[in-house]
Amino acid sequence: MPDQIPSPPINRVSLFGKTLREIEALVASQGWPKFTARQLTEWLYKKNVGAFEEMTNLSKKIRNELEEKFVLGISAPTSFQESIDGTKKYLFPTASNRFVESAYIPHEERKTLCVSSQVGCKMGCLFCMTGKQGFMAQLTSGEIVNQVRSLPERDILTNFVYMGMGEPFDNIEEVIKSLEVFTSVWGYALSPRRFTVSSIGVIPGMMEFLKRTEAHLAISLHSPFDEERKSLMPIQNVYPIHEVLENIKQWDFGLQRRVSFEYIMFNGVNDTSNHVNELARILHGISCRINLIRFHPIPHTPLAGSPDSVIFAFQEKLKAKGIITTIRSSRGLDIFAACGMLSTKALVKKQEEDF
């Protein structure tokens with residue numbers, strides 16, 4: 001575990017996570033040479049420096065001014081838990097004095113990192129532990145990218161999913177900025193096809209995401225029936241799933257960009273043949289896949305996961321309708337696998353200590 005870098009003082013601006021345009025504007029405001037912007041992005045995103053004094057091609061004067069006015073804005077995880085299956089949950093501090101989680105999920109050749117985009121969440125989905133925290137803060141682009149930058153496994157990661165704490169499209173500008181840092185040639189220069197962003201269907205943010213990025217889209221569906229989906233996901237009252245799907249149907253995803261649908265299986269709730277038929281109806285005309293997900297139990301919920309026999313039968317019925325359907329492996333069941341569990345535990349502990 002790397003040493004934690006202290007949180008930035010309130011009166012100094014964090015550089016990490018800023019785009020090239022933002023750094024160019026910052027450089028101009030300081031009266032530094034124009035080429036300094038490229039030098040800074042090189043140090044921040046290519047060379048992974050831990051201090052301004054390591055930026056040796058900058059003048060001593062500029063390094064001193066950086067030290068006085070700015071901070072890198074990088075912080076290591078405060079703790080982690082490792083599952084017997086190799087999954088790791090990392091807990092990161094935020095500027096809001098809270099915690100967010102990232103999950104490292106190794107599976108054969110794939111090494112996936114699940115990142116968070118908010119501290120807590122305001123969407124209130126019945127099955128989500130993060131939602132039970134309520135909304136506390138938006139993560140900055142730097143706090144999102146830091147979840148990759150400060151991970152011990154960062155150099156072996158193959159895939160990145162925005163499926164951790166929070167609703168990414170409720171923090172759309174910072175999410176898009178973070179994707180720009182990850183995928184631009186001046187940043188980490190990663191292929192956008194290695195990124196998937198998951199949303200419950202916030203349409204304005206979704207359309208901005210589709211227009212301004214090339215990453216894959218995943219929609220949390222969980223029921224094809226309006227009233228049933230409302231009982232699980234209050235967002236259905238604001239952005240009904242049929243409106244989400246209409247916008248998706250009108251978008252040209254091209255040959256390589258994917259759209260998928262996440263479907264948590266709840267016993268006796270959304271796992272019947274009627275659900276299969278309705279899913280096939282509403283998804284007709286969309287080239288997609290459905291990912292079936294086993295429900296990880298959380299405290300104080302009336303929901304229970306469907307038995308494996310029901311999940312496998314549901315998959316076969318969807319396949320028979322011509323829909324590509326996979327069952328996502330359950331990982332990290334012994335380390336607070338459900339999103340929000342680890343950070344909730346840390347938050348409660350901190351509140352008890354503060355009290």
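Along the sequence shown, residues carry numbers from 1.
- By the salt bridge (charged side-chain N to carboxylate O under 4.0 Å, His left out) test, Lys69 pairs with no residue at all, sequence neighbours left out.
- Under the salt bridge (charged side-chain N to carboxylate O under 4.0 Å, His left out) criterion, Glu214 pairs with Arg193, not counting sequence neighbours.
- Ring centroids of Phe16 and Tyr45 are separated by less than 6.0 Å, placing the two rings close together.
- Side-chain contact check for Glu167 and Ser117: no donor-acceptor pair (N or O, by modelled atom type) lies under 3.5 Å.
- Evaluation of the salt bridge (charged side-chain N to carboxylate O under 4.0 Å, His left out) test over residues 257-275, restricted to residues two or more places apart or in two chains, returns Glu262-Arg328.
- With sequence neighbours left out, Phe169 forms a ring pair (Phe, Tyr, Trp, His ring centres under 6.0 Å) with Phe209.
- With sequence neighbours excluded, the residues that form a side-chain hydrogen bond (donor to acceptor under 3.5 Å, both in side chains) with Asp226 are Gln236.
- With sequence neighbours left out, Ser273 forms a side-chain hydrogen bond (donor to acceptor under 3.5 Å, both in side chains) with Lys317.
- A salt bridge is defined here as a Lys NZ or Arg NE, NH1 or NH2 lying under 4.0 Å from an Asp or Glu carboxylate O, and Glu227 with Lys230 meets this definition.
- Between Glu174 and Lys177 a salt bridge is recorded (basic side-chain N to carboxylate O distance below 4.0 Å).
- With hydrogens and angles ignored, the 3.5 Å screen pairs no side-chain donor or acceptor of Arg194 with any backbone N or O of Phe160.
- Applying the side-chain hydrogen bond (donor to acceptor under 3.5 Å, both in side chains) rule to Gln138 yields the partners Gln118; only residues at least two apart in sequence or on another chain are considered.
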Residues 52-60, side-chain donor-acceptor partners within the protein, below 3.5 Å, at least two apart:
from  : atom 1 : to    : atom 2 : distance (Å)
Glu54 : OE1    : Gly50 : N      : 3.3
Asn57 : OD1    : Trp43 : NE1    : 2.6
Ser59 : OG     : Ile62 : N      : 3.1

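- Of the inter-residue distances, the one linking Thr326 atom OG1 with Ile290 atom CD1 reads 9.5 Å to the nearest 0.5 angstrom.
- Applying the ring pair (Phe, Tyr, Trp, His ring centres under 6.0 Å) rule to pairs touching residues 120-152 yields Phe127-His222, Phe127-Phe266, sequence neighbours excluded.
- The main-chain N or O of Ile264 is found under 3.5 Å from a side-chain atom of Asn270 such that the two form a donor-acceptor pair.
- No hydrogens or angles considered: a donor-acceptor pair under 3.5 Å links the side chains of Ser178 and Tyr162.
- Under a 3.5 Å cut-off, the side chain of Lys89 and the backbone N or O of Glu82 do not form any donor-acceptor pair.
- Qualifying side-chain hydrogen bond (donor to acceptor under 3.5 Å, both in side chains) partners for Thr272, counting only residues two or more places apart in sequence or in other chains: His275.
- Within the structure, ring pair (Phe, Tyr, Trp, His ring centres under 6.0 Å) contacts touching residues 299-329 (residues at least two apart or in different chains) are Tyr263-Phe314.
- Arg38 has no carboxylate O lying under 4.0 Å from a charged side-chain N of Glu42, or vice versa, which leaves the two without a salt bridge.
- For Lys321, the salt bridge (charged side-chain N to carboxylate O under 4.0 Å, His left out) test picks out no residue, with sequence neighbours left out.
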